[in-house]
There are 2 protein chains.
Amino acid sequence: MRILLVDDEKKITTVLKAYLQQEGFQVSTAINGLIALTMFKENPFDLLILDLMLPGMSGTKICSEIRKISSVPIIMLTAKVEEEDRIQGLSIGADDYITKPFSPREVVARVRAVLRRTNNETSPLADVISYDNGLTIDNIQHEIRLNDQEILLTPTEFKILGALAKHPGRVLSRGQLVEIVQGHDFDGDDRVIDAHIKKIRQKIETTPSNPQIIMTVYGIGYKFYPSAGG
Amino acid sequence: MRILLVDDEKKITTVLKAYLQQEGFQVSTAINGLIALTMFKENPFDLLILDLMLPGMSGTKICSEIRKISSVPIIMLTAKVEEEDRIQGLSIGADDYITKPFSPREVVARVRAVLRRTNNETSPLADVISYDNGLTIDNIQHEIRLNDQEILLTPTEFKILGALAKHPGRVLSRGQLVEIVQGHDFDGDDRVIDAHIKKIRQKIETTPSNPQIIMTVYGIGYKFYPSAGG
DNA sequence: TACATTTTTGATGGGAGCTTGAAAACTAAT
DNA sequence: ATTAGTTTTCAAGCTCCCATCAAAAATGTA
């Protein structure tokens with residue numbers, strides 16, 4: 001995986017490059033927009049990390065230039081917390097944004113997330129999905145049906161079930177689920193998830209004490225079983 | 001969870017320490033950077049809380065020194081909001097920032113959030129690996145399959161098998177395996193590994209008493225045989 | 001072969017993790 | 001302020017996992 005990192009602050013590029021390389025990524029750096037553009041046109045990259053504030057050509061400008069020729073995933077580094085910047089960056093075509101100051105670790109995590117997301121979206125998820133276990137998740141009407149019987153879920157329960165069902169079989173830890181449902185700055189206990197899972201099971205499992213749809217992975221988290229047989 | 005709290009204001013360390021301890025964290029304190037560094041080198045900590053303004057060595061300096069030897073999560077305490085601009089450029093490497101004045105509750109919340117985030121980091125291992133012996137290790141679904149038959153392993157068993165399979169043919173001593181599985185600060189018997197190996201063999205070997213996948217290297221440890229023939 | 005060392009195996013107590021129900025804290029609307 | 005619905009916390013009970021021990025088997029060596 002090749003990453004192009006564009007920032008004029010050498011300290012940032014050095015640290016980030018080191019972290020990303022340690023994670024097995026090939027990293028090239030550019031200190032301004034023009035260099036970045038030429039580099040991108042001449043070499044294939046799998047992901048771009050762009051500072052919003054750059055000398056010469058701004059990050060947003062580069063972003064839109066790139067978007068004319070490629071759909072490569074882009075992560076924006078924004079200096080200000082202002083909401084406008086986020087919207088601006090995203091509306092132009094960035095896949096994620098990170099506000100400074102940030103930790104290198106967070107950047108690595110977001111890079112992984114974006115790459116995973118973009119790679120998986122080869123089969124764009126439909127708005128209504130039905131699984132072999134009889135469950136139907138309707139993201140448009142925002143409702144769940146089990147064998148054509150409507151099930152009423154609270155917003156949180158819907159999010160959790162949706163997150164698990166989005167990647168059938170994949171284990172999600174309580175921490176991951178908390179972040180999906182409550183966001184990064186939740187000051188509570190991860191065990192909340194257990195309570196929600198309990199509620200969901202009571203509503204969708206025929207035998208909640210012996211679940212067939214949302215399975216527990218001891219010591220790790222929960223996963224969604226899409227097939228009927230178990 | 002052990003936390004190292006570095007601040008020269010005794011009032012702050014006292015209050016924060018009390019709050020964090022009440023939440024079940026083990027808290028040590030240091031009043032300057034040099035002490036903090038030596039403490040960190042001699043004892044294992046799971047998280048650092050650093051004041052940006054410290055006598056002698058500054059918080060940013062400590063941060064970068066620590067980053068050279070460890071990727072431990074770091075939370076920075078910054079004195080004024082006005083300095084945000086400087087922080088943005090200078091102090092990359094911390095995982096979160098809290099500006100004074102802050103409430104102890106907020107610090108506790110951020111500590112939890114950072115720990116949750118860092119613990120969630122998935123290993124940079126490949127997601128799914130299959131071997132000639134018919135074994136598949138699926139790190140996403142967190143499950144093992146032997147010829148497409150699902151095998152249920154406990155977390156510890158999963159870690160051990162994963163560690164051995166990561167470097168096929170390479171011998172890992174019990175000490176190394178203990179460190180991978182239980183961490184650096186385990187004061188128990190290395191022979192625990194034997195018990196886990198036994199369990200794993202019962203689950204994945206056709207003839208556990210004559211293992212073909214996890215082989216014993218007498219006097220040294222265990223190794224993983226990836227090929228079918230043995 | 002005989003001996004010492006190392007590994008395997010089975011059993012067990014303690015502990016960690018999960019589930020569950022109930023109550024408390026929040027939210028949003030009346 | 002009251003109420004209903006939702007989210008979070010807490011404690012009790014339960015299941016399952018793990019570290020330890022001792023006996024038996026296997027391995028390497030003299």
Side-chain angles (χ1 to χ4, degrees), chain A residues 142 144 151-161 163-164 171-175 177-183 185-205 207-223, chain B residues 1 22-24 105 108-109 112-113 116 119 142 144 151-161 164 171-175 177-183 185-205 207-223:
Chain A
H142 210 265
I144 305 282
I151 306 253
L152 294 174
L153 294 188
T154 69
T156 306
E157 291 162 11
F158 192 87
K159 275 191 209 164
I160 290 179
L161 181 57
L164 289 169
V171 181
L172 292 182
S173 71
R174 290 173 178 77
L177 287 168
V178 160
E179 272 197 34
I180 291 171
V181 173
Q182 284 96 344
D185 49 350
F186 172 71
D187 69 334
D189 192 346
D190 282 2
R191 289 287 168 186
V192 192
I193 298 300
D194 296 29
H196 293 299
I197 294 283
K198 177 189 57 172
K199 292 292 195 70
I200 299 174
R201 279 175 173 162
Q202 285 173 352
K203 293 178 180 178
I204 68 173
E205 301 275 4
T207 314
S209 57
N210 180 29
Q212 301 296 314
I213 300 176
I214 295 182
M215 312 294 278
T216 305
V217 183
Y218 192 98
I220 311 291
Y222 296 96
K223 69 160 99 173
Chain B
M1 284 293 171
Q22 200 174 352
E23 298 294 322
R105 292 181 59 87
V108 171
R112 283 225 201 86
R116 182 168 56 233
N119 284 339
H142 208 269
I144 304 284
I151 307 257
L152 294 174
L153 295 188
T154 70
T156 308
E157 291 162 11
F158 194 89
K159 275 190 210 162
I160 290 178
L161 182 56
L164 289 168
V171 182
L172 291 181
S173 71
R174 289 172 178 77
L177 288 169
V178 160
E179 204 157 307
I180 291 171
V181 171
Q182 282 96 344
D185 50 344
F186 175 71
D187 61 342
D189 192 348
D190 280 3
R191 288 291 166 185
V192 195
I193 298 299
D194 297 28
H196 291 298
I197 294 284
K198 177 190 58 172
K199 291 290 196 71
I200 299 174
R201 281 175 172 161
Q202 286 173 351
K203 293 178 180 177
I204 68 172
E205 301 275 3
T207 314
S209 56
N210 180 28
Q212 300 295 314
I213 300 175
I214 295 182
M215 314 293 279
T216 304
V217 182
Y218 192 94
I220 311 289
Y222 297 97
K223 67 170 157 180

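Looking at Lys199(A), His196(A), Lys203(A) one by one, the single match for side-chain hydrogen bond (donor to acceptor under 3.5 Å, both in side chains) with Glu157(A) turns out to be Lys203(A).
Atoms CG (Asp185(B)) and P (dA19(D)) sit 13 Å apart, rounded to a whole Å. Between the CD1 atom of Ile200(B) and the C1' atom of dT8(C) there is a distance of 14 Å, rounded to whole Å. The separation between Arg191(A) atom CZ and dG21(C) atom P is 17 Å, rounded to whole Å. Gln182(A) places its CD atom 16 Å from the P atom of dT6(D), with the value rounded to the nearest Å. Rounded to a whole Å, the CD1 atom of Ile193(B) is 17 Å from the P atom of dC17(D). Between the CD1 atom of Ile180(A) and the P atom of dT7(D) there is a distance of 16 Å, rounded to whole Å. Spacing between atom NZ of Lys159(B) and atom C1' of dA19(D) amounts to 15 Å, rounded to whole angstrom units. Rounded to an integer number of Å, the gap from Leu152(B) CG to dC16(D) C1' is 13 Å.
Listed nucleotides dT19(C), dA19(D), dT9(D) differ in distance to Asp189(A); the shortest reach to its side chain belongs to dT9(D). When each of dT20(C), dT7(D), dT9(C) is scored by its nearest atom to the side-chain atoms of Thr156(A), the top-ranked nucleotide is dT7(D). For Pro155(A), the side-chain atoms get nearest to dT7(D) when compared with the rest of dT20(D), dT7(D), dT8(C).
Side-chain N/O atoms of Gln202(B) include none lying less than 4.0 angstrom from OP1 or OP2 on dT8(C). The side chain of Thr154(A) contributes an N or O atom lying less than 4.0 Å from OP1 or OP2 of dT7(D). Dashed line: the shortest gap from a side-chain N or O of Thr216(B) to OP1 or OP2 of dT8(C) is under 4.0 Å. Between dT6(C) and Tyr222(B), no contact under 4.0 Å exists linking OP1 or OP2 to a side-chain N or O. For the OP1/OP2 pair of dA19(D) and a distance below 4.0 Å, the side-chain nitrogens and oxygens of His196(B) include at least one atom meeting the criterion. The side chain of Arg174(B) contributes an N or O atom lying less than 4.0 Å from OP1 or OP2 of dT7(C).
When all heavy atoms of Ile200(A) and Leu161(A) are compared, the pair lying nearest together is CD1-N, 4.2 Å. Pairing each heavy atom of Thr216(B) with each of Arg201(B), the nearest pair is OG1-NH2, 2.8 Å.
Looking at Gln212(B), its side chain never comes within 3.5 Å of a backbone N or O of Glu205(B) through a donor-acceptor pair. No donor-acceptor distance shorter than 3.5 angstrom exists from the side chain of Arg116(B) to the backbone of Val178(A), with no hydrogens or angles considered.
Residue Asp194(B) is in base contact, counting any heavy-atom pair closer than 4.0 Å across all strands shown.
Side-chain to base pairing of Tyr218(A) with dT15(D): no donor and acceptor N or O lie closer than 3.5 Å to each other.
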